[in-house]
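A short write-up of the structure that comes next.
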Amino acid sequence: MSQPIRNVLIVGGGTAGWLAACHLAKKLSSNSAQGIAVTLIESPKIPTIGVGEGTVPAMRQSLQYLGISETEFVRECDVTFKQSIKFVDWCKPLSANSQHSYHHLFDYPDLASLDITPYWLQGLAGDLPYADAVSVQSRLCDAGLGPKNMTHAEYAGITNYAYHLDAAKFALLLTRHATTKLGVKHIKDLVEQVLCDQDGNISGVVTAENGVLTADVYIDCTGFRALLIGDACQVPFISKSDVLFADSALAVQVPYADVNQAIPCFTVSTAQEAGWIWDIGLSTRRGTGYVYSSRHTSDERAEQVLTQYLRGTQVTGSIEARKIEMQIGYREKFWHGNCIALGLSQGFVEPLEATGLLVYDATARMLAEQFPSHTALMPALAQRFNQRVRLAWDRVIDFIKLHYFISNRDDSQFWLDNRDVAGCPTSLLDNLAVWRQQLPSAYDFHSKLEIFNLENYLYVLYGMQFPTDLTDQQFRFPDSAKAKQMLAFYQHKAQQLQAQLLPHRELIARIKHYGLSKI
Amino acid sequence: MSLPVVPLHKDVHGALKLNASRNLNEFASQHMFPVSVHEFVRAGAEFPVVFVKDAASGQFRSVALAGLMPNENIYAVANVLPTYLPLAVQNYPMVLIAEANVENQFAIGINTNSPLVQTESGEALFTETGEETTYLQQRKQLLIRSYEQLQITDAFIQLLQQLDLLMAQSFTVEVNGEVANINGIYIINEQKLNELSVEQFEDLRRRGFLPSIYSQLTSLHQLSRLASLKANLRQE
Ligand SMILES: Cc1cc2nc3c(=O)[nH]c(=O)nc-3n(C[C@H](O)[C@H](O)[C@H](O)COP(=O)(O)OP(=O)(O)OC[C@H]3O[C@@H](n4cnc5c(N)ncnc54)[C@H](O)[C@@H]3O)c2cc1C
């Protein structure tokens with residue numbers, strides 16, 4: 001018999017758990033008597049993963065939607081702005097004594113006016129980097145400037161931006177917001193056992209101090225442990241480590257060399273012999289880590305590589321990195337019976353494009369929007385949810401693989417293996433085959449939960465010199481004059497903006513001091 | 001206002017005489033003047049009184065507009081005498097200078113480049129024995145009052161923000177058929193004002209802010225007056 005759904009129990013209080021709690025409570029009016037009750041239980045004994053400091057602009061929309069003040073967020077979570085990921089050494093250098101690098105910007109190219117890409121490919125912009133040809137933002141990034149002025153309201157800016165944040169402090173902010181503003185009930189206790197009925201539904205969780213807790217719907221946010229979806233519901237894990245090799249990380253937080261050191265307004269991702277190093281500047285410290293393939297290198301060697309990188313970036317003190325093992329892949333289902341997995345328990349791929357929080361946030365929002373009113377609706381909704389989330393992960397995997405697969409690096413087995421067709425999803429191979437002779441088009445990206453779009457592909461493909469050959473197609477692109485105008489416009493506009501914008505560190509300091517207004 | 005300002009000192013400035021500002025002519029390239037909440041009623045009878053954000057801090061300030069775009073002062077160019085001079089202008093060329101690192105400690109500063117500062121005509125600042133004249137003491141009183149009013153104005157603006165009573169508003173003004181957009185201006189949200197709870201409204205009344213609030217709203221009509229002043233200017 002179909003029952004109305006009245007309450008939800010979220011197990012796990014990492015970033016994913018609290019984001020899910022906020023989205024559900026906001027959409028389901030948990031702070032009113034008629035609303036659906038949302039409870040989150042987390043164990044103080046089991047630490048959160050403690051990394052996850054880079055985000056994408058969707059996070060900005062989410063925080064605003066959830067009613068969180070950007071000023072408070074900046075003040076409390078050591079936040080800095082992120083306008084791009086700068087990829088360093090992902091290709092061989094273009095000339096001797098240089099380093100290859102490119103920006104994957106958050107400002108999308110203005111394709112509606114004119115797609116400059118074919119003109120750029122034909123050499124109209126000389127050797128101007130692709131990102132500089134289609135946007136002002138790379139120049140602003142390189143000049144060390146922030147994305148907004150003090151006169152911009154919260155969540156508004158000149159360029160599109162996301163954040164770097166302290167994961168632990170962010171979870172605390174979300175906790176406070178969820179419990180004081182959105183009506184989420186918070187229990188600090190260990191879940192010792194998960195109970196299932198004969199249909200495979202979860203019937204309760206046994207806690208150390210609060211007895212058995214029951215709910216109509218259970219959300220698994222227990223991280224890599226996957227206590228509910230994995231251990232209890234026995235939903236198999238589909239490994240993708242044959243596509244994405246990086247399965248380990250060494251993470252370390254390091255201080256700035258001095259308190260006035262410039263803070264990059266982008267994440268730096270520097271490719272290494274068996275993976276890559278992330279470098280994220282928060283307001284008070286840097287967060288860095290080496291993500292690598294344990295099949296291609298040893299932990300000792302990885303430590304050497306990380307140390308060498310840090311020494312090269314002004315870090316002098318001792319370096320005590322924490323090792324994190326990563327399960328690469330996703331669950332066969334994300335919604336099973338009355339259990340839904342969000343967060344690392346759902347799936348994970350290496351954090352190259354900061355997709356973790358992005359996917360968890362997007363799926364939490366989708367779940368909140370489509371939350372079943374009655375138990376009878378669950379199977380149909382679950383089926384759609386599973387289909388969409390699976391597709392989203394597959395698309396994410398394609399996009400991450402792209403960064404490796406089209407690289408021309410051949411200096412280690414890791415890079416050689418990455419260029420092997422055997423490890424490349426056919427969906428990506430098919431796309432690349434077309435794009436070798438034709439421009440990528442919006443029609444190549446069609447799903448509703450598309451995490452990365454045409455514009456993201458353009459930045460990566462042409463940041464990495466992907467050879468789309470248009471030589472016999474010139475007649476299709478008669479707008480060189482307009483393309484030239486746009487190139488000149490971006491250059492001029494960037495100069496104008498450089499005079500208006502503050503250095504990133506200064507912007508953050510002023511926001512902390514004065515605050516941003518809501519309007 | 002235009003620098004340089006130096007601390008006032010009897011040894012250096014003993015012989016100076018000061019004249020009162022009577023118009024805005026000295027500020028030909030300044031299109032807005034800070035006004036305190038206490039001035040809204042009088043300033044609003046002459047100028048549009050609005051809120052803008054300070055570029056360096058993003059903090060709201062209340063200002064009277066004397067032009068429709070940056071660097072434009074219609075009063076100065078047209079040589080029009082306003083019926084009310086903002087206190088900041090009345091004080092000019094004297095200002096308070098905050099002492100570094102000491103809160104609420106100020107020195108008196110003066111811009112000696114101003115044509116209002118003379119040696120022949122005007123009111124003396126110091127007596128021949130180097131004592132402050134009554135005139136200078138009055139001017140100092142005015143400076144301090146103005147400072148106190150700006151403090152209260154900050155609190156007033158804070159309160160408006162807490163009550164969500166400010167909103168961005170762009171204006172379109174037509175001058176001789178040319179349409180100009182004025183952006184970056186914030187005003188009081190009349191609808192939200194009407195929706196305040198009885199307690200919130202009573203609180204505003206009790207604190208004496210209501211006349212200022214209504215003056216701000218009605219002062220917006222002065223925008224069209226500014227536009228026609230500007231139009232007349234063009235035709236001359
Ligand atoms: C190396 C690395 C780098 C990353 N970088 C990024 C990045 O740049 N950007 C990004 O978006 N994402 C990144 N991620 C992903 C990001 O860390 C996660 O998306 C995010 O932290 C969410 O984790 P979680 O909440 O699912 O799990 P966790 O943080 O592991 O939280 C698990 C929670 O479950 C609770 N729990 C577990 N078992 C029990 C139990 N039995 N009883 C009660 N409670 C229990 C724990 O107490 C904890 O609260 C990265 C991940 C890794 C591994």
Side-chain angles (χ1 to χ4, degrees), chain A residues 60 63-76 79-81 140 143-159 161 163 177 180-181 260 265 283 493 495-519, chain B residues 30-32 34 37 49-63 65 69-71 98 100-101 103 150-151 153-171 181-196 200 213 216-217 220:
Chain A
R60 194 166 128 217
L63 295 180
Q64 186 172 26
Y65 161 77
L66 292 172
I68 291 172
S69 144
E70 191 176 42
T71 303
E72 277 176 36
F73 172 57
V74 169
R75 283 180 180 155
E76 291 176 28
V79 167
T80 56
F81 296 110
L140 303 179
L145 302 171
K148 67 195 290 175
N149 274 327
M150 288 308 294
T151 50
H152 282 100
E154 293 196 330
Y155 297 112
I158 288 180
T159 57
Y161 65 86
Y163 311 101
H177 189 72
T180 62
K181 298 262 168 66
N260 294 319
C265 203
S283 60
K493 183 84 190 163
Q495 271 169 0
Q496 238 178 20
L497 290 173
Q498 285 193 30
Q500 291 169 22
L501 289 163
L502 292 169
H504 188 203
R505 182 182 280 280
E506 175 65 22
L507 174 64
I508 295 291
R510 286 202 201 174
I511 292 175
K512 284 190 174 177
H513 185 253
Y514 295 108
L516 294 165
S517 66
K518 298 233 182 311
I519 56 167
Chain B
Q30 185 169 333
H31 77 301
M32 52 195 192
V37 63
V49 172
V50 298
F51 302 91
V52 294
K53 282 184 185 173
D54 178 65
S57 69
Q59 305 293 93
F60 284 106
R61 297 187 303 154
S62 42
V63 295
L65 296 182
M69 54 178 70
N71 304 324
N101 306 325
E103 216 171 316
L150 285 176
Q151 299 290 102
T153 305
D154 282 347
F156 169 65
I157 293 176
Q158 284 287 331
L159 183 65
L160 293 179
Q161 285 180 272
Q162 275 161 23
L163 295 173
D164 199 17
L165 284 182
L166 288 183
M167 67 175 194
Q169 177 80 49
S170 56
F171 293 94
N181 288 313
I182 311 178
N183 297 311
I185 283 183
Y186 300 79
I187 63 169
I188 286 168
N189 186 331
E190 201 171 348
Q191 192 191 337
K192 290 258 170 76
L193 181 67
N194 291 332
E195 288 166 6
L196 288 182
Q200 287 169 327
I213 287 176
Q216 190 281 308
L217 285 168
L220 295 174

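Below, chain A is the first sequence line, B the second, and so on; all start at residue 1. Values in this document were obtained by computation on a predicted structure and should not be read as measured data.
The most heavy-atom pairs under 4.5 Å with chain A, out of B/Ala56, B/Ser57, B/Gly58, come from B/Ser57.
In this structure, chain B has a heavy atom under 4.5 Å from the backbone of A/His152, while its side chain stays farther away.
The nearest pair of heavy atoms linking A/Gly515 to B/Gln59 is O-OE1, 4.0 Å. Of all heavy-atom pairs between B/Tyr186 and A/Thr151, the closest is OH-O, 4.3 Å.
Rounding to the nearest 0.5 angstrom, the gap separating the CG atom in A/Leu516 from the NZ atom in B/Lys53 is 7.5 Å. Annotation: the span from A/Lys518 atom NZ to B/Leu166 atom CG amounts to 12.5 Å, rounded to 0.5 Å.
Within 6.0 Å of CD on B/Gln191 lie no more than 12 heavy atoms contributed by other residues, nucleotides or ligands. By the 6.0 Å contact criterion, CD on A/Gln498 is enclosed, its count of non-hydrogen atoms from other residues, nucleotides or ligands being greater than 12. Counted within 6.0 Å of NZ on A/Lys512, heavy atoms from surrounding residues, nucleotides or ligands total more than 12; the atom is thus considered enclosed.
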